[in-house]
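Here's the structure we're looking at; comments come further down.
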Amino acid sequence: LKAMGKFQIALLAVTFVCSVAGLFLLPETVAVQWNKNGVSNYLPRFIACWIPFMVSVLSFAGWKVTSMHFEKAIEINHKFRVAHTIVWTIISLLGILLHLILWLTN
């Protein structure tokens, strides 16, 4: 695999491990929405743990599709390749960030 493919798989693997860890670390019902009066919405732990993983899967799919769509621009323009990689890396990190938010708020 190319270095970027290995990086993407590593990010997805970390998000998957976080999802599994959340099954053991989070309470049975997870607070997912708050307002000025406190918690206003809950989800079952199983669903709350797998939403961030699915966000990461969709992010990687978007990364792959845009990589194929802009393949020529990525090959030709180094600045575009770097910008594309940075933007999609940040988007792909959303799954891990969502896990951290769930762990810290519950």
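Remember, it's a predicted structure, so these values are computed and weren't measured experimentally.
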In one Ile/Leu/Val/Met/Phe/Trp/Tyr side-chain cluster, 4.5 Å: [X], [Y]:
| X | Y | value |
| --- | --- | --- |
| Ile47 | Leu98 | yes |
| Ile90 | Phe70 | no |
| Ile101 | Phe53 | yes |
| Ile96 | Phe24 | yes |
| Met54 | Ile91 | yes |

Is any side-chain heavy atom of [X] closer than 4.5 Å to a side-chain heavy atom of [Y]?
| X | Y | answer |
| --- | --- | --- |
| Leu26 | Cys49 | yes |
| Phe7 | Thr85 | no |
| His99 | Thr15 | yes |

Euclidean distance, [Y] [atom2] relative to [X] [atom1], rounded to 0.5 Å:
| X | Y | atom1 | atom2 | answer |
| --- | --- | --- | --- | --- |
| Glu75 | Arg81 | CD | CZ | 8.5 Å |
| Leu58 | Leu94 | CG | CG | 11.5 Å |
| Leu93 | Leu100 | CG | CG | 10.0 Å |
| Asn106 | Leu25 | CG | CG | 11.0 Å |
| His84 | Ile86 | NE2 | CD1 | 12.0 Å |
| Cys18 | Trp103 | SG | CH2 | 4.0 Å |

Could you pull out the closest heavy-atom pair between Trp50 and Ser19, with the gap in Å? CZ3-CB, 3.4 Å

Grab the two heavy atoms, one from Val55 and one from Gly95, that are nearest each other, plus how far apart they are. CG1-N, 4.5 Å

Can you list everything that forms a side chain to side chain donor-acceptor pair (under 3.5 Å) with Glu71? Sequence neighbours excluded, please. none

Among Leu102, Ile51, Thr105, which residue meets the side-chain contact (heavy atoms from CB on, under 4.5 Å) test with Val32? Leu102

I would like to know whether Trp63 and Ser92 meet side-chain hydrogen bond (donor to acceptor under 3.5 Å, both in side chains); could you show each step before the answer? CA-CA 8 Å; Trp63 194 344; Ser92 299; over 6 Å; no

Chi angles and distances behind the side-chain contact (heavy atoms from CB on, under 4.5 Å) call for Val57, Leu12: CA-CA 7 Å; Val57 168; Leu12 197 57; 3.9 Å; yes

Please test Tyr42 against Val30 for side-chain contact (heavy atoms from CB on, under 4.5 Å), starting from the C-alpha separation and ending with a verdict. CA-CA 5 Å; Tyr42 294 91; Val30 178; over 6 Å; no

